[in-house]
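Values below: every heavy atom of this structure, side chains too, minus hydrogens, waters and symmetry copies.
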Amino acid sequence: MKNVNIRMGKWIFNSFLLGITLFFLTQCTTKQSKPQDVVSLIEIVPTEYVDMPEGYKVEMSDYTFIYDNVSDRNEVLVSYLNQQKALNKAMSILPIGDTTLASLNILDTIPNNVFKAFAEYNSVNMWAEERDSWEHPRRKDEVVNGILNDNVAIYCGQVMLSDSFDSFMFLLNDTAAHKYGWNCKDLFVINMKNDAITSVAELFINERTMVQSAGDSNNVFHLINYSLTKDPCYPESEPGVIDEYDFKYDQDGQLVILRCPIDYIEEMNRRIELRSKLKEGALKNYQDSTIPIRNR
């Protein structure tokens with residue numbers, strides 16, 4: 001009986017040692033994981049999602065998932081994109097899985113006049129959000145000039161998303177943030193059809209947002225909005241998945257959301273209602289809005 005107890009004690013002790021060893025091996029493996037593997041290691045926070053009505057589109061989205069759907073014959077930008085298209089260079093690919101955006105082809109620094117035309121889109125300057133939610137918003141030209149002064153815009157090539165429109169990638173690199181130790185890169189995809197810009201979408205942000213997959217049988221894209229690191233602007237935030245979206249492009253190259261978090265669509269509907277009232281002059285002051293007003 002004594003021998004049985006001794007063997008049992010040794011088995012328990014060895015099992016304990018094995019568990020401790022496996023735990024530390026797991027920790028070491030996690031720490032050595034490459035950035036693109038991190039998504040699979042993050043626990044997804046349960047969120048209520050909603051399937052959108054077929055063909056649902058908004059002209060402007062500037063909450064979490066950032067894009068503009070437009071029909072804009074921007075001569076400066078269109079001319080530049082047509083010039084790039086005429087060069088007939090090999091197609092680039094979307095940097096799916098590249099959380100640092102290091103794999104992008106850096107083909108050309110965008111000329112100043114083209115950069116200014118690009119920076120006029122709300123998905124790039126985010127002025128509408130400031131105008132609608134700050135008590136003392138800056139003028140749009142001040143915001144656009146800030147984008148031009150603090151960033152370098154780079155052309156990263158043409159990508160094939162559809163046979164019915166042309167797609168191009170612009171990288172915005174915030175050089176002003178470098179002095180604070182931040183590496184801020186935003187990758188936009190611009191669609192053009194029949195010499196008109198049809199959409200400008202922010203689809204990648206290094207260490208933050210990534211299109212996880214694209215081009216399934218229905219040409220549906222899956223975007224995971226997540227954070228690999230703490231947001232320096234929000235110290236209380238933790239790394240992890242924030243939300244997810246399924247979307248596609250229609251025949252004109254405009255972005256259509258198929259599935260999204262329910263709080264996203266509720267917030268977008270509030271903003272659409274607010275901007276409609278502002279446009280009609282129905283709101284005499286911002287305090288009537290459903291979006292909280294922030295002081296500078």
- Dump the intermediate steps for side chain to side chain contact (heavy atoms under 4.5 Å, CB included) on N151 and F115, then the final yes or no. CA-CA 10 Å; N151 294 267; F115 188 4; 4.0 Å; yes
- Query: Would D166 and L81 count as a side chain to side chain contact (heavy atoms under 4.5 Å, CB included) if you check the C-alpha gap in whole Å, the side-chain angles of each, and the deciding distance to 0.1 Å?
  - Reply: CA-CA 9 Å; D166 297 305; L81 296 179; over 6 Å; no
- Using the side chain to side chain contact (heavy atoms under 4.5 Å, CB included) rule, take Y264 and N225 through it: C-alpha gap first, then chi angles, then the decisive distance, then the call. CA-CA 12 Å; Y264 167 83; N225 186 23; over 6 Å; no
- Item | L94 vs F204, side chain to side chain contact (heavy atoms under 4.5 Å, CB included): CA-CA, chis, key distance, verdict | CA-CA 9 Å; L94 291 175; F204 298 86; 4.1 Å; yes
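To the nearest 0.5 angstrom, N173 atom CG is 6.0 Å from K185 atom NZ. One finds the CG atom of N194 at 8.5 Å from the CG atom of D252 (value rounded to the nearest 0.5 Å). To the nearest 0.5 Å, atom OG1 of residue T100 and atom CG of residue N206 are 7.5 Å apart. To the nearest 0.5 Å, atom CE of residue M52 and atom CG of residue D246 are 12.5 Å apart. Rounded to the nearest 0.5 angstrom, D51 CG and L258 CG are separated by 8.5 Å. If you take CG on D195 and CG on L77, they are separated by 11.5 Å, rounding to the nearest 0.5 Å.
Residues W127 and Y63 are members of separate hydrophobic clusters, defined by side-chain heavy-atom contacts under 4.5 angstrom among Ile, Leu, Val, Met, Phe, Trp and Tyr. Using a 4.5 Å cut-off between side-chain heavy atoms of Ile, Leu, Val, Met, Phe, Trp and Tyr, with links allowed through other members, I190 and M169 fall into different hydrophobic clusters. The hydrophobic cluster containing M192 also contains V114, counting ILVMFWY residues as joined when their side-chain heavy atoms lie under 4.5 angstrom apart, directly or transitively. A continuous path of Ile, Leu, Val, Met, Phe, Trp and Tyr side chains, each step under 4.5 Å between heavy atoms, connects F221 with V159, placing both in one hydrophobic cluster. Note on V78 and V76: same hydrophobic cluster, where clusters join Ile, Leu, Val, Met, Phe, Trp and Tyr whose side-chain heavy atoms are under 4.5 Å apart, directly or indirectly.
In this structure, M160 belongs to a hydrophobic cluster whose other members, linked by side-chain heavy atoms under 4.5 Å apart, are M91.
Considering all non-hydrogen atoms of both residues, L172 and I147 come closest at CD2-CG2, 4.4 Å. The minimum heavy-atom distance between Y245 and C260, with the atom names listed, is CD2-CB, 3.5 Å. Nearest heavy atom pair, residue V144 against residue A119, reads CG2-O, 3.8 Å. Across all their heavy atoms, R131 and P137 have their closest contact at CA-CB, 3.7 Å. Among all heavy-atom pairs drawn from L203 and L223, the shortest one is O-CD1, 4.0 Å. Here the closest heavy-atom approach between residue M126 and residue D62 is recorded as CE-O, 3.4 Å.
Residues R271 and E129 form a side-chain contact, since some pair of their non-hydrogen atoms from C-beta on lies under 4.5 Å apart. Considering only heavy atoms from C-beta on, V200 comes within 4.5 Å of F118 through its side chain.
Exactly one residue among D250, L255, I257 makes a side-chain contact (heavy atoms from CB on, under 4.5 Å) with K57. That residue is D250. With respect to C156, the side-chain contact (heavy atoms from CB on, under 4.5 Å) criterion is satisfied by exactly one of D108, V189, L107, I106: I106.
Counting only N and O atoms by type, the side chains of S123 and D68 include a donor and acceptor under 3.5 Å apart. Side chain to side chain, S199 and N191 meet the donor-acceptor criterion of an N or O pair below 3.5 Å. For the residue pair Y249 / S164, no side-chain donor-acceptor distance below 3.5 Å is found, with atom types taken as modelled.
Judged by distance alone, with hydrogens and angles left aside, the side-chain atoms of Q158 form no donor-acceptor pair with the main-chain N or O of K85 at under 3.5 Å. Checked by atom type and distance alone, the side chain of N69 pairs as donor or acceptor with a backbone atom of V58 at under 3.5 Å. Not one N or O on the side chain of S103 forms a donor-acceptor pair closer than 3.5 Å with the backbone of P95.
Other residues, nucleotides and ligands contribute more than 12 heavy atoms inside 6.0 Å of the CD atom of E266. Around CD1 of I265, the count of heavy atoms belonging to other residues, nucleotides or ligands within 6.0 Å exceeds 12. Enclosure of atom CD in Q251 is not indicated, since only 12 or fewer non-hydrogen atoms of other residues, nucleotides or ligands lie within 6.0 angstrom. Summarising the local packing, NZ of K193 is surrounded by more than 12 heavy atoms from other residues, nucleotides or ligands at distances under 6.0 Å.
Judged as a ring pair (Phe, Tyr, Trp, His ring centres under 6.0 Å), and not counting sequence neighbours, F168 has no contacts. The ring pair (Phe, Tyr, Trp, His ring centres under 6.0 Å) test applied to Y67 returns F65, not counting sequence neighbours.
In summary, E273 and R270 do not engage in a salt bridge, as defined by a charged side-chain N under 4.0 Å from a carboxylate O. Residues E120 and K140 are paired through a salt bridge, judged by an N-O separation under 4.0 Å between the basic side chain and the carboxylate.
Here the two rings, on F188 and Y121, have centers that are 6.0 Å apart or farther.
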